[in-house]
Amino acid sequence: MVGGVECGCGCNAPSSTSANMSANYTGGSIISSGTCDKVGYDSEDMGVIVRSRIRMIRYVAFIAAIIYSSLSADCLWAQRKDSDAKISPYNYVRSATGQREKISDANIRIRYAFNAENINDKSTWIDEGQLKIAPDMTDYSSFFVEVNEDSLANWFDTHSRDAAYPPARWIKGFRPDYWIEYQYSQITTKDGVLTEWATMPRELDTENLYYTENLPLFNWQIGTDMATICGYECIKAICHWRGRDFTAWFTPDIPVEYGPWKFGGLPGLIMKVSDKDGIYTFEAVAVENGNFPIYAPRGSKYKLSTRDKVWKLQRDLNEDYLKTTGHSVFNLKLGEWLYSRKHTYTQLELE
C-alpha cells in the first residue's frame, strides 16, 4: 500500500553518525597513505606515520562507538512515539459521532503524566492518562483522547453543515497524531478480570482488538522510604513484573488497590510508578472527586483476541510499521520506496 512521500532526513541516526565519522576519516587518511613513498621519508619516518595513523583510526573508532552507544541509549530513555505509526483521523470522527454507552459512574479520577520530559510542560508528555474508580469497576484511558473526542463532538453539533472538520484539533501532547498503544488502549477491570481494548493505527483501523485476563499479580516488597507526590505522602515499593523491575510510590491516604495502566495490588493508590531504567514512568498530577462517567469503547468494533497476539502485534507495529502493515513511503533523499524501516523499541511488558 502506497503511503506517501517523505523528505528522507533519516531515522537511523546512530548508524549514520558512526558511518559518517568513519567515512570522513577514511577519505582523509587512508587514501593519502601513498605519500609514504615520497622522497624524504625513511623507514623510521614511515613507521612513525603508520603507527600515528593506526592510533588515530583506533581513536576515531573509539569515539564513534561511544557516540553510537550514547545515541542508542537515548532511544531507550523515556520511550517516545518513534515509529511510523499514526492514528487514523477517522477513528476520532467515528468516536465523536457515535453514541456513547455509559457503563458505570466513577466518584474519583486520578490523572497521570506518562513519559513526561518536563512534568510542567504537557507538550512533552506522551499522554495524560486517567484512572476512573467506580464502586464496581475501574477504567484507565487517555484523558488527552477523551478531551479531543468531546471537543470534536461539540464541534459537529455546531457545524453540522460544514464539509471539512478538524479531526485532531484538540489533541495534546508530544507528536499528537502519532500512535502508541499506551495512549490508544482502554483498560478496564471488573470482578477480578482485566480487559484491554486496543485501538490500532491507520492501516489496521478496522482491526481493533480486545482480550481478557485475570488481574495481574504483583509481588510488591514495601519499604520504608517516603516521598511527597502530588501533595500526598507516599511509601516506596518494588517488584519484578513481566520482565522488568518496577518502583512504585503509593499513598495509604487513598485506600484503593489501583494505579495507572495495569498496576495495582498495594494498600493504597499508586501515585507514581517507573521501571528501573526509567524508560516508562507514570506520575500523578491531579486527584479529583466528583462524578466521572465510564463509557464503553467507541469507534470501530473490537474483535476478540488474546493477550499474546495483541502484545506481539503492538510490538511489531512499533518496531517496523511499514513491514507489519505492508505500507510504504517514498524517500526523496534515497530516491526509492521504503517497505521496511526499523525503530528501536522496548515494550513495557517484556514477557
Side-chain angles (χ1 to χ4, degrees), residues 3-4 6-14 71-92 95 111-119 121-130 140-149 167-187 196-205 207-208 260-261 274-275 277-283 285 299 310-325 327 329 331 338 340-350:
E6 58 178 25
C7 65
C9 60
C11 59
N12 294 318
L71 289 171
S72 298
D74 286 343
C75 291
L76 297 178
W77 190 261
Q79 190 70 54
R80 315 297 285 167
K81 294 178 180 176
D82 293 326
S83 75
D84 293 298
K86 290 188 175 183
I87 191 68
S88 169
Y90 300 108
N91 181 75
Y92 293 127
S95 297
R111 304 203 324 248
Y112 294 88
F114 173 57
N115 280 11
E117 287 188 354
N118 182 348
I119 198 69
D121 183 358
K122 289 192 177 185
S123 68
T124 71
W125 301 6
I126 292 297
D127 190 30
E128 182 172 4
Q130 57 179 353
Y140 184 84
S141 60
S142 170
F143 181 69
F144 280 165
V145 171
E146 182 176 281
V147 169
N148 179 69
E149 292 176 352
R169 180 176 177 179
W170 298 276
I171 197 76
K172 305 295 182 183
F174 177 75
R175 301 185 85 186
D177 56 333
Y178 279 75
W179 171 92
I180 196 168
E181 65 265 38
Y182 309 103
Q183 183 170 28
Y184 289 97
S185 288
Q186 181 175 347
I187 295 172
E196 179 178 353
W197 308 86
T199 298
M200 295 299 165
R202 53 189 178 188
E203 270 68 42
L204 298 177
D205 184 50
E207 297 297 322
N208 295 336
W261 191 241
S274 59
D275 68 287
D277 299 315
I279 300 173
Y280 289 98
T281 299
F282 300 82
E283 181 172 350
V285 293
V310 173
W311 177 83
K312 183 180 185 303
L313 178 58
Q314 291 170 335
R315 183 193 64 198
D316 292 345
L317 288 169
N318 280 287
E319 289 183 341
D320 196 331
Y321 178 80
L322 301 181
K323 180 180 179 180
T324 302
T325 62
H327 189 57
V329 293
N331 188 296
L338 299 181
S340 174
R341 180 159 55 186
K342 293 184 178 181
H343 296 269
T344 301
Y345 181 71
T346 176
Q347 284 175 292
L348 188 155
E349 301 172 39
L350 294 178

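These numbers were taken from a predicted model, which means no experiment stands behind them.
- Salt-bridge check for Lys172 with Glu128: failed, with every basic side-chain N at 4.0 Å or more from each acidic carboxylate O.
- To the nearest 0.5 Å, the span separating OG1 on Thr199 from OH on Tyr184 amounts to 9.0 Å.
- Of all non-hydrogen atoms in Asn115 and Tyr280, the two that sit nearest each other are OD1-CA, 3.3 Å.
- Under the 4.5 Å side-chain criterion, counting only non-hydrogen atoms from C-beta, Arg80 is not in contact with Arg175.
- The nearest pair of heavy atoms linking Leu350 to Trp311 is O-CZ2, 3.5 Å.
- Here the CD-OG1 distance, from Glu207 to Thr325, works out to 12.5 Å after rounding to the nearest 0.5 Å.
- Within a 6.0 Å radius of NZ in Lys122, more than 12 heavy atoms belonging to other residues, nucleotides or ligands are found.
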Go through the steps to decide whether Ile126 and Phe174 satisfy the test side chain to side chain contact (heavy atoms under 4.5 Å, CB included), and finish with yes or no. CA-CA 5 Å; Ile126 292 297; Phe174 177 75; 3.7 Å; yes

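- Taken from CZ in Arg202 to CH2 in Trp179, the straight-line distance is 12.0 Å, to the nearest 0.5 Å.
- Using a 4.5 Å heavy-atom cutoff, the side chains of Asp82 and Ile180 are not in contact.
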Report the C-alpha distance between Gln130 and Ser141 in whole Å, list the side-chain angles of each, state the deciding distance to 0.1 Å, and finish with yes or no for side-chain hydrogen bond (donor to acceptor under 3.5 Å, both in side chains). CA-CA 6 Å; Gln130 57 179 353; Ser141 60; 3.2 Å; yes

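- Aromatic ring pairs are classed by plane angle as parallel below 30°, tilted from 30° to 60° and perpendicular above 60°; the pair Trp261 and Tyr140 is perpendicular.
- Across Phe144 and Gly173, no two heavy atoms sit closer than the pair CE1-CA, 3.7 Å.
- Distance check: Ile119 CD1 to Thr124 OG1 gives 8.0 Å after rounding to the nearest 0.5 Å.
- Taking CD from Gln79 and CG from Asp277, the interatomic distance works out to 11.5 Å, rounded to the nearest 0.5 Å.
- The two residues Ser185 and Glu196 make their nearest non-hydrogen contact at OG-OE2, 3.0 Å.
- Taking every heavy atom of both residues into account, Gln314 and Ala198 meet most closely at NE2-CB, 3.7 Å.
- Side-chain contact between Ile87 and Val145 is absent, with no heavy-atom pair separated by less than 4.5 Å.
- For the pair Trp125 and Asn118, the tightest heavy-atom approach, listed with the atom from each and the gap, is NE1-O, 3.0 Å.
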Can you list the steps and then say if Asn318 with Gln347 is a side-chain hydrogen bond (donor to acceptor under 3.5 Å, both in side chains)? CA-CA 9 Å; Asn318 280 287; Gln347 284 175 292; over 6 Å; no

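- Within the model, atoms OH of Tyr178 and CG of Asp84 stand 7.0 Å from one another, a figure rounded to the nearest 0.5 Å.
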